[in-house]
K.L.:
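This is the structure I want to talk about, given as structure tokens.
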Protein chains: 2
Amino acid sequence: MVLTFTEENYLKSLFKISIENENQEVGTTTLAAVLGVKAATANDMLKKLKEKDLVLYEKYGKITLSIVGRTKAIEVLRKHRLWETFLYEKLEFSWDEIHAVAEQLEHIQSEKLVEQLDKFLGYPAFDPHGDPIPNQNGEMKVQFKETLSQIPMGTNCKMVGVKDNSSAFLQYVGKLGLGINVDILVVSIQDYDAMMLIEVGDQTLTISSKCSENIYVVQ
Amino acid sequence: MVLTFTEENYLKSLFKISIENENQEVGTTTLAAVLGVKAATANDMLKKLKEKDLVLYEKYGKITLSIVGRTKAIEVLRKHRLWETFLYEKLEFSWDEIHAVAEQLEHIQSEKLVEQLDKFLGYPAFDPHGDPIPNQNGEMKVQFKETLSQIPMGTNCKMVGVKDNSSAFLQYVGKLGLGINVDILVVSIQDYDAMMLIEVGDQTLTISSKCSENIYVVQ
DNA sequence: TTAAACTGTTAGACTAGTCTAAGAAAGTTA
DNA sequence: TAACTTTCTTAGACTAGTCTAACAGTTTAA
Ligand SMILES: [Mn+2]
Ligand SMILES: [Mn+2]
Ligand SMILES: [Mn+2]
Ligand SMILES: [Mn+2]
């Protein structure tokens, strides 16, 4: 079954909301907000997706992806992250530019294209933001990770990803000299506002809690 | 001005018709046929394109691209042929598979993507079918070429392109051992039906006039 | 336990892109 | 030139995706 550009975006958003907000139930309003449409619009589309058995959904009830819907969503996510990797690795895009273009490229329909792209890139397991790339079977490597804000004083850790994918945040983080695989030493943490003093290479930086909560690390 | 997927296809088709049928005037019916829509549909779209100053067109008159329309058309063609080259050169696609996927990729909006792709491919002047790729300024290398059917008996020539881009034709031609840059010797031509006996490498082939008329060569 | 606030649904309208059916204009031919 | 054929245009209808405005159901909290 070939889905429209729009249907794919709804499924992808539902999937992303469900993994981000773990246990939380997804409602019309949240979905609409994520997609940048009005609740009425999302409601209309949900009826259509239900009709096509892509979501499970009853009036006033919570929204869940069907098996097929979930599979489709993962396929789109796979394409999105492969394209992001391509743009970053092969076409000299910076990590804050890739998302917008991948939003378009993720909708190109061609089995062969996806598989050849994956091969061309050497079957990457993570995209340039540290997010896992689903393989052909829809499986993703789950990497244990914490936010930098959870790391205690005096501890070393390594950056492995970001929670906030906005280009504003990515640009800021990049400018600080942070990025995937960068080693970080937590020097001190302010009691009052959780401001963090960290050491990155030979630089010492002060970052807000808003920032440290959006950086993923492993110890 | 950002155009829709559909508007881009209308402009591209108008441009392609105008270079293929050289002097011939383009009408609603032809345009509709090329795009696979009904004449009424094409007529509706022409009114919209005229409104946006992308085509010059008066009721019952002939259709011409405006400067802006032509520029847009060439941009799409540039993207189409760069993507075809990418798929062929980097992703192991065969020359009969690339067109369909490029039809989708040609609509991705990103200046940087096009320019980086061009750079990544080494600024190619021709696509895998031998068609010229417009450069950033919209200029194309014009290569003098004849159809194989115009080559006299006993003459050597080199294949540089195809007129028919259908995958059926491309597959057939490929199976015969023909392709871009292949050397061809015209051994003999039948008076009756213009069937051609040609030598390609150590092979001798017999091809119909329909076939030889769709192969471009240089002497 | 009822009022207020929030969340979700419906009705009706709009645009882009398409169609069919009908008719008008232009071109061709007897 | 009149009749026929072809090409082009219009009118009206449909789908996908969106909106606003109004209303209905659910949750919260006094
Ligand atoms: Mn992304
Ligand atoms: Mn998308
Ligand atoms: Mn092509
Ligand atoms: Mn196209």
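Below, chains carry the letters A, B, ... as their sequence lines are ordered, and counting in each starts from 1.
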K.L.:
Just how far, in rounded Å, is C1' of dT7(D) from OH of Y57(B)?
P.N.:
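Rounded to the whole Å, the gap is 11 Å.
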K.L.:
May I have the list of side-chain donor-acceptor pairs in residues 210-219 of chain A shorter than 3.5 Å, sequence neighbours left out?
P.N.:
{"unit_1": "S212(A)", "atom_1": "OG", "unit_2": "S209(A)", "atom_2": "O", "d": "3.2"}
{"unit_1": "N214(A)", "atom_1": "ND2", "unit_2": "K210(A)", "atom_2": "O", "d": "2.9"}
{"unit_1": "Q219(A)", "atom_1": "NE2", "unit_2": "E146(A)", "atom_2": "OE1", "d": "3.4"}

K.L.:
To the nearest angstrom, how far is K47(B) atom NZ from dC8(D) atom C1'?
P.N.:
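Checked: the NZ to C1' distance equals 11 Å.
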K.L.:
Check step by step if side-chain contact (heavy atoms from CB on, under 4.5 Å) holds for E97(A) and L87(A).
P.N.:
CA-CA 9 Å; E97(A) 295 172 318; L87(A) 296 173; over 6 Å; no
K.L.:
Rounded to whole angstroms, how far apart are CG on L46(A) and P on dT7(C)?
P.N.:
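About 16 Å, once rounded to whole Å.
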K.L.:
So does N43(A) get a side-chain nitrogen or oxygen closer than 4.0 Å to the phosphate oxygens (OP1/OP2) of dT9(C)?
P.N.:
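For N43(A), the contact criterion (side-chain N or O under 4.0 Å from OP1 or OP2 of dT9(C)) is met.
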K.L.:
When all nucleic acid strands are considered with a 4.0 Å heavy-atom cut-off, which category describes K62(B): base, sugar-phosphate, or nothing?
P.N.:
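Since no nucleic acid heavy atom lies under 4.0 Å of K62(B), the category is nothing.
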K.L.:
Figure out the CD/P separation between E25(B) and dC8(D), and round it to whole Å.
P.N.:
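That distance rounds to 10 Å.
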K.L.:
According to a strict under-4.0 Å criterion, is T29(B) in side-chain N/O contact with OP1 or OP2 of dT7(D)?
P.N.:
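No, T29(B) has no side-chain N/O under 4.0 Å of OP1/OP2 on dT7(D).
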K.L.:
Summarise how protein sits on nucleotides 16-24 of chain C as a single string, 5' to 3': B when a protein heavy atom is under 4.0 Å from the base, S for sugar-phosphate-only contact, - for no contact.
P.N.:
-BBBB----
K.L.:
Any side-chain donor paired with an acceptor under 3.5 Å for N9(A) and H107(A)?
P.N.:
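Side-chain D/A pair, N9(A) to H107(A): present.
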K.L.:
With distance as the sole test, does W95(A) use its side chain to make a donor-acceptor pair with the main-chain N or O of L170(A) at under 3.5 Å?
P.N.:
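Here the side-chain-to-backbone pair exists.
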K.L.:
Do K90(A)'s NZ or CZ and the ring of F120(A) fall within the cation-pi criteria of under 6.0 Å and 45°?
P.N.:
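Yes, a cation-pi geometry holds between K90(A) and F120(A).
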K.L.:
For F93(A), is there any backbone N or O sitting under 3.5 Å from a side-chain donor or acceptor partner on Q116(B)?
P.N.:
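Flag not set: sc Q116(B) to bb F93(A) has no pair under 3.5 Å.
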